[in-house]
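Note that the coordinates shown come from a computational prediction; the quantities given were computed from them, not determined experimentally.
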Amino acid sequence: MTLRYHSPLAQVLLISAVCFLCPGMFNALNGLGGAGQLDPHTANNANSALYVTFCIFSIAGGGIVNVCGVRFTTALACLTYAVYTGSYVHYNNTGDGIPTIIAGAVLGVGAGILWTAQGVIMVSYPSEKEKGRFISIFWILFNLGGLFGGILPFAINYYRAGSLTNSVYVLFVIMECAGATTALFLVPPVCVVRDDGSHATIVQSPRSARRESLEVLRLFGNKWMLLLLPMSFTSNFFYGYQFSQYNGAIFTLRTRGFNNLLYWTSQIVGSYALSLLLDLSRWSRRKRGMCAMIIMSLSFNAVWAGTLVVQSRYTRGAENTDYPGGLIDFLESPRAAGPISLYFFMGLVDAWYQNIAYWIIGTLTNDAHITARYIGFYKGVQSLGASVSWQIGAREIPYMNQLVGNWALLVLSLPTMAYTIMQVEDRALDDRLLCSFVRDNESMVAGAYGWDLSPTQFTKPRSPKYLARHIDSIV
């Protein structure tokens with residue numbers, strides 16, 4: 001891996017910094033339960049509105065990113081995080097939750113576009129042998145945002161109870177605006193060159209809104225996207241329960257902050273450990289993927305079993321909790337050790353699930369434009385699941401019912417994930433088709449379409465539409 005400005009590594013580091021400053025801060029707030037408020041209802045409703053628009057604009061996000069590029073779309077998307085966080089200053093001062101719910105819907109628009117662009121950079125820029133490592137690099141830096149964001153409220157609220165202060169929210173807004181500025185340093189996918197001289201995307205034809213709309217619609221009939229629907233729906237569904245009905249229900253405010261530190265630390269540890277397996281070069285990609293699946297499946301089911309034991313002890317949370325002995329403080333070592341340790345492992349297995357999901361999508365294609373659509377579809381369905389989850393929390397469905405629903409969805413998602421991994425080849429399908437097409441038609445491509453077929457680069461064709469259409473049709 002070489003750190004050149006136009007290298008995949010440099011661009012992944014940039015998008016990691018962006019997500020450290022924007023989604024990382026958002027995760028830090030959400031991880032406190034109720035976005036740092038004692039009453040979680042407004043935050044739950046805001047999250048429901050967020051994930052509805054997130055769903056729509058994630059699915060459309062692939063086309064938006066392909067047409068408008070990653071730089072300015074990402075920068076504008078980052079500003080919606082600042083709008084959402086800033087709305088809690090208004091809520092603290094007036095108690096009016098309507099602007100926060102509206103800001104949640106606005107954030108959903110930006111988040112859908114941001115996460116699509118992030119997925120393109122993280123999954124399609126690296127070469128086959130580096131995908132696990134690059135996913136790990138992103139996940140570690142991104143979750144450092146949640147870790148850092150958790151330190152602030154933990155320190156500020158160490159000697160006080162109640163909702164977060166305005167100063168915390170304002171500090172988060174400043175950091176999110178810095179994330180928007182950082183996004184302006186991203187470069188287009190066609191300018192990214194890997195260490196072996198290949199480009200992150202080869203087809204450089206103009207992307208029309210009409211064409212992208214049609215390609216997005218085609219995803220609803222795509223075999224792989226349909227197979228991965230359970231995975232996509234489940235992948236963020238459990239956050240609502242873990243953050244609000246677990247962390248936000250049985251711990252004091254400062255302990256929620258402490259738990260946040262452990263949760264995001266475990267994500268960093270888990271992501272790094274999994275990357276060592278996913279990039280183990282002496283094994284085939286299929287073997288690596290199945291080993292990771294088995295480890296994740298057994299661990300996640302064990303965590304839900306442990307959660308069931310804790311959940312059986314209470315039916316309601318926060319100030320009115322009926323958990324034995326009341327809210328747990330992290331200084332109460334004997335009664336705090338078990339529930340806090342469990343929350344650490346929740347973060348660990350979540351990192352494994354998310355990393356495997358991205359890795360699976362990364363095995364399907366290496367082309368940035370196709371990846372944008374796949375990631376957008378994945379994030380859209382993921383957001384639909386999250387929207388349902390947060391609305392379940394807002395409607396005060398019994399905690400035990402929520403836990404059983406989360407566990408059942410996890411189990412249902414595993415078979416299709418495993419099946420998809422079993423179809424994995426050591427090179428993505430579109431790479432093999434493209435190489436075959438170029439090899440079989442070298443003189444036609446080089447002459448009639450203007451390709452430079454040197455081993456280090458492809459240059460922009462004089463007439464790219466036919467090649468773009470042909471490659472898109474065969475992948």
Parallel, tilted or perpendicular: ring planes of Tyr314 versus Tyr399, cut at 30 and 60 degrees: perpendicular
Test item: Ser266 side-chain N/O and Phe345 main-chain N/O as donor-acceptor pair under 3.5 Å: no
Side chain to side chain contact (heavy atoms under 4.5 Å, CB included) evaluation trace for Tyr374 with Leu219: CA-CA 8 Å; Tyr374 283 0; Leu219 293 174; 3.7 Å; yes
Geometric class of the Trp139/Phe142 ring pair [parallel <30°, tilted 30-60°, perpendicular >60°]: perpendicular
Side-chain donor or acceptor of Arg313 paired with backbone N/O of Asp322 under 3.5 Å: no
Atom pair CG (Leu21) and CZ (Phe26), whose distance is rounded to the nearest 0.5 Å: 15.5 Å
Nearest atoms (heavy-atom pairs only) where Phe233 meets Gly385: CE1-CA, 3.4 Å
Close side-chain approach of Ile121 and Phe138, heavy atoms under 4.5 Å: no
Ring center gap for Tyr378 and Tyr358 short of 6.0 angstrom: yes
Separation of Ile250 CD1 from Arg256 CZ (nearest 0.5 Å): 11.0 Å
Asp329 backbone acceptor or donor facing Glu332 side chain under 3.5 Å: yes
Pairwise distance OH(Tyr81) to SG(Cys19) - rounded to 0.5 angstrom: 7.0 Å
Side-chain H-bond candidate by donor/acceptor type, Ser87 with Tyr169, under 3.5 Å: no
Pair Leu412-Thr234, side chain to side chain contact (heavy atoms under 4.5 Å, CB included): steps then yes or no: CA-CA 9 Å; Leu412 289 173; Thr234 302; over 6 Å; no
Side chain Asn401, main chain Ile397, donor-acceptor under 3.5 Å: no
Ile360 side chain reached by Met231 side chain, heavy atoms, under 4.5 Å: yes
Phe330 and Phe258 aromatic ring geometry - parallel, tilted or perpendicular at 30°/60° bounds: parallel
Candidate pair Met296 and Leu414, rule side chain to side chain contact (heavy atoms under 4.5 Å, CB included), full reasoning: CA-CA 10 Å; Met296 181 273 291; Leu414 300 178; 3.9 Å; yes
Check: Phe243 ring centre within less than 6.0 Å of Phe238 ring centre: no
Side-chain donor-acceptor contact under 3.5 Å, Asp350 with Gln354: yes
Test item: Ser271 side-chain N/O and Ile268 main-chain N/O as donor-acceptor pair under 3.5 Å: no
Short side-chain to backbone donor-acceptor contact, Glu176 and Leu79, under 3.5 Å: no
Aromatic plane relationship, Tyr246 with Tyr343 - under 30° parallel, 30 to 60° tilted, over 60° perpendicular: parallel
Beyond-backbone contact of Thr315 with Met400, side-chain heavy atoms, under 4.5 angstrom: no
From Ser389 atom OG to Asn236 atom CG, the distance as rounded to the nearest 0.5 Å: 9.0 Å
Passing option when Gln382 is tested against Ser235, Ser58, Ser232 for side-chain hydrogen bond (donor to acceptor under 3.5 Å, both in side chains): Ser235
Atom of Val120, atom of Thr371 and distance for their closest heavy-atom approach: CA-CG2, 4.0 Å
From CG (Leu262) to CG (Leu348), nearest 0.5 Å: 12.0 Å
Nearest-0.5 Å distance that lies between atom CD1 in Ile137 and atom CD1 in Ile15: 14.0 Å
Ser275 and Ile135, any side-chain heavy atoms less than 4.5 Å apart: no
Donor-acceptor contact below 3.5 Å, side chain Ser299 vs main chain Ile295: yes
Phe344/Tyr263 under ring-ring contact (aromatic ring centres under 6.0 Å, His included): CA gap, chis, key distance, verdict: CA-CA 5 Å; Phe344 174 89; Tyr263 191 91; 9.2 Å; no
Donor-acceptor under 3.5 Å (Thr53 side chain, Leu50 main chain): yes
Test side chain to side chain contact (heavy atoms under 4.5 Å, CB included) applied to Tyr125 and Leu9, step by step: CA-CA 8 Å; Tyr125 285 13; Leu9 178 58; over 6 Å; no
Whether Ser312 side chain and Val309 backbone form a donor-acceptor pair below 3.5 Å: yes
Check: Trp115 and Ile375 side chains under 4.5 Å, non-hydrogen atoms: no
Min side-chain heavy-atom separation Phe377-Phe220 under 4.5 Å: yes
Shortest non-hydrogen contact from Thr80 toward Ala111: OG1-N, 4.3 Å
Polar side chain donor-acceptor pair, Gln242 to Asn247, under 3.5 angstrom: no
Considering all heavy atoms, the nearest Leu186-Gln11 contact: CA-OE1, 3.4 Å
Mutual orientation of the aromatic rings belonging to Tyr88 and Tyr91 [parallel < 30°, tilted 30-60°, perpendicular > 60°]: perpendicular
Closest non-hydrogen atom pair between Asn301 and Ser297, with its separation: ND2-O, 2.8 Å
Non-hydrogen side-chain atoms of Thr307 and Tyr241 separated by less than 4.5 Å: yes
Smallest separation among heavy atoms of Ile328 and Thr255, with atom names: O-OG1, 3.5 Å
Close side-chain approach of Phe185 to Arg71, heavy-atom, < 4.5 Å: no
